[in-house]
**Student:** 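I'd like to ask some things about the structure below.
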Number of protein chains: 2
Amino acid sequence: MTEKFNLIERCDCNVIHEDIINQVRDKMPQEESLYDLAELFKVFGDSTRIRILWALHEAEMCVCDIAVLLNMTQSAISHQLRVLKQANLVKNRKEGKVVYYSLVDDHVREIFDQGLIHINEK
Amino acid sequence: MTEKFNLIERCDCNVIHEDIINQVRDKMPQEESLYDLAELFKVFGDSTRIRILWALHEAEMCVCDIAVLLNMTQSAISHQLRVLKQANLVKNRKEGKVVYYSLVDDHVREIFDQGLIHINEK
DNA sequence: AAAACACTTGAATAAATGCTCATATAACTA
DNA sequence: TAGTTATATGAGCATTTATTCAAGTGTTTT
């Protein structure tokens, strides 16, 4: 029997289920894709960022408006907007001193919706 | 002017954009719903859990099979399966000593797909 | 009954994360 | 030019979190 995978530990199941394990292994996406996917969901996994995204789905807003809306400091909002921008979820435009943020596209809404479907089925 | 919201700080924008801010505020979902949504995505925001979910989407598997597949300790997998179960994403059935885990439903796949759409557009 | 097996669980630890505070930058205003 | 405004950013801190290690539970085997 050829050693198809590196084992940390092995139990009888592994031998019995070897075919299934290898079959699943073959179908698994690239390690990197799954990592990227986790990184994306990590961005959605914070209620401050979720609230910012929800607000921006309703209207383009500047940093201090978001801060007031969410009752948080401008600095905290600015830090989170940076995270959202790095994840390519929001974009901004500058108008004098004021920086307006908005959603890049409507994927955000679709991801929200899928999440809500799960929560509401419970 | 009635004080419609508690402010941490206020800038000129807030006054100029007051209508928009209040309009967005009215449309925002319950604080609690957004918190729950963030909690759900937090579960997806870890590559180990993403890989477990992906594997279980392919086949029902026992704990030690997943451990071997992902090249991690059985204890680490068990801890993460607990998180996934609490989020109502996986269920299990016992067969003698062996515990088999599987997905609760196909929402997982749909949430994955939405995420992948975003990643692949970049 | 004792040993082996599959899994769970709690404590400990190292790493990551969100917010605050102080400061920096850039644009406007007096 | 100096001061104000809107935003960005770096360091520090407290909290959360993923994994490991050791020990425990329940089932099967000998």
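Keep in mind that the numbers below use all heavy atoms, side chains included, and drop hydrogens, waters and symmetry copies. Source: prediction; values computed, not measured.
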**Student:** Which part of the nucleic acid does Lys42(A) contact within heavy-atom distance under 4.0 Å: base, sugar-phosphate only, or nothing?
**Tutor:** sugar-phosphate

**Student:** Roughly how far apart are Phe41(B) CZ and Gln114(A) CD, rounded to 0.5 Å?
**Tutor:** 8.5 Å

**Student:** Is the side chain of Lys91(A) donor-acceptor paired with the backbone N or O of Leu103(A) at a distance under 3.5 Å, no angle test?
**Tutor:** yes

**Student:** Without decimals, in angstroms, what is the distance between Ile66(B) CD1 and dT19(D) P?
**Tutor:** 14 Å

**Student:** Within residues 47-59 of chain A, find the residues that approach DNA chain D with a heavy atom at under 4.0 Å, and present them sorted by residue number.
**Tutor:** none

**Student:** Considering just the side-chain nitrogens and oxygens of Arg82(B), establish if one lies under 4.0 Å of OP1 or OP2 belonging to dT9(C).
**Tutor:** yes

**Student:** Under 4.0 Å between a side-chain N or O of Ser78(A) and OP1 or OP2 of dT7(D)?
**Tutor:** no

**Student:** If you round to the nearest 0.5 Å, how far is CD of Glu95(A) from SG of Cys13(B)?
**Tutor:** 9.5 Å

**Student:** Tell me whether His118(B) contacts the main-chain N or O of Ala87(A) through its side chain, where contact means a donor paired with an acceptor under 3.5 Å.
**Tutor:** yes

**Student:** Could you state the CD1-P distance from Ile77(A) to dC21(C), rounded to the nearest angstrom?
**Tutor:** 15 Å

**Student:** Over how many whole Å does the gap from Met72(A) atom CE to dA8(D) atom C1' extend?
**Tutor:** 16 Å

**Student:** Under 3.5 Å, which donor-acceptor pairs link side chains of residues 57-68 of chain A to any protein atom two or more places apart or in another chain?
**Tutor:**
{"residue": "His57(A)", "atom": "ND1", "partner": "Arg109(A)", "partner atom": "NH1", "Å": "3.2"}
{"residue": "Glu60(A)", "atom": "OE1", "partner": "Arg93(A)", "partner atom": "NH2", "Å": "2.7"}
{"residue": "Glu60(A)", "atom": "OE2", "partner": "Arg93(A)", "partner atom": "NE", "Å": "2.9"}
{"residue": "Asp65(A)", "atom": "OD1", "partner": "Asn14(B)", "partner atom": "ND2", "Å": "2.7"}
{"residue": "Asp65(A)", "atom": "OD2", "partner": "His17(B)", "partner atom": "ND1", "Å": "2.4"}

**Student:** His79(B) NE2 to dG24(D) P: how many Å, rounded?
**Tutor:** 15 Å

**Student:** If you check the Ser75(A) side chain, which of dA22(C), dT9(C), dC7(C) turns out closest?
**Tutor:** dA22(C)

**Student:** Using the closest heavy atom to pick a nucleotide of DNA chain C for each, name whichever of Val83(A) or Cys13(A) lands nearer the 5' end.
**Tutor:** Cys13(A)

**Student:** Within this structure, what is the CE-to-C1' distance between Met61(B) and dA6(C), rounded to whole angstrom?
**Tutor:** 15 Å

**Student:** Whole Å only: how far is the CD atom of Gln86(A) from the P atom of dA8(D)?
**Tutor:** 12 Å

**Student:** Within the 4.0 Å heavy-atom criterion, would you say Tyr101(A) contacts the bases, only the backbone, or no part of the nucleic acid?
**Tutor:** sugar-phosphate

**Student:** How does protein reach along nucleotides 24-30 of chain C, written 5' to 3' as B (base within reach of a heavy atom under 4.0 Å), S (only sugar-phosphate), or - (no contact)?
**Tutor:** --SBS--

**Student:** To the nearest Å, give me how far apart CG (Leu84(B)) and C1' (dT8(C)) are.
**Tutor:** 15 Å

**Student:** Taking only the side-chain nitrogens and oxygens of Thr73(A), find out if one of them lies under 4.0 Å from OP1 or OP2 of dT20(C).
**Tutor:** yes

**Student:** Which residue pairs pass the salt bridge (charged side-chain N to carboxylate O under 4.0 Å, His left out) test with at least one member in residues 43-56 of chain B, sequence neighbours excluded?
**Tutor:** Glu31(A)-Arg51(B)

**Student:** Below 4.0 angstrom from OP1 or OP2 of dA8(D), is there any side-chain N or O of Gln74(A)?
**Tutor:** no

**Student:** Tell me every residue that passes side chain to side chain contact (heavy atoms under 4.5 Å, CB included) with Gln23(A), counting only those two or more places apart in sequence or in another chain.
**Tutor:** none

**Student:** Of all heavy-atom pairs between Leu56(A) and Tyr101(A), which one has the smallest distance, and what is that distance?
**Tutor:** CD2-O, 3.4 Å

**Student:** Compare every heavy atom of Leu37(A) with every heavy atom of Leu116(B), then report the nearest pair and how far apart it is.
**Tutor:** N-CD1, 3.8 Å

**Student:** Roughly how many Å is it from CG in Asn92(B) to P in dT27(D), rounded to a whole number?
**Tutor:** 14 Å

**Student:** Would you list the pairs meeting ring-ring contact (aromatic ring centres under 6.0 Å, His included) in which at least one residue belongs to residues 75-98 of chain A, sequence neighbours left out?
**Tutor:** none

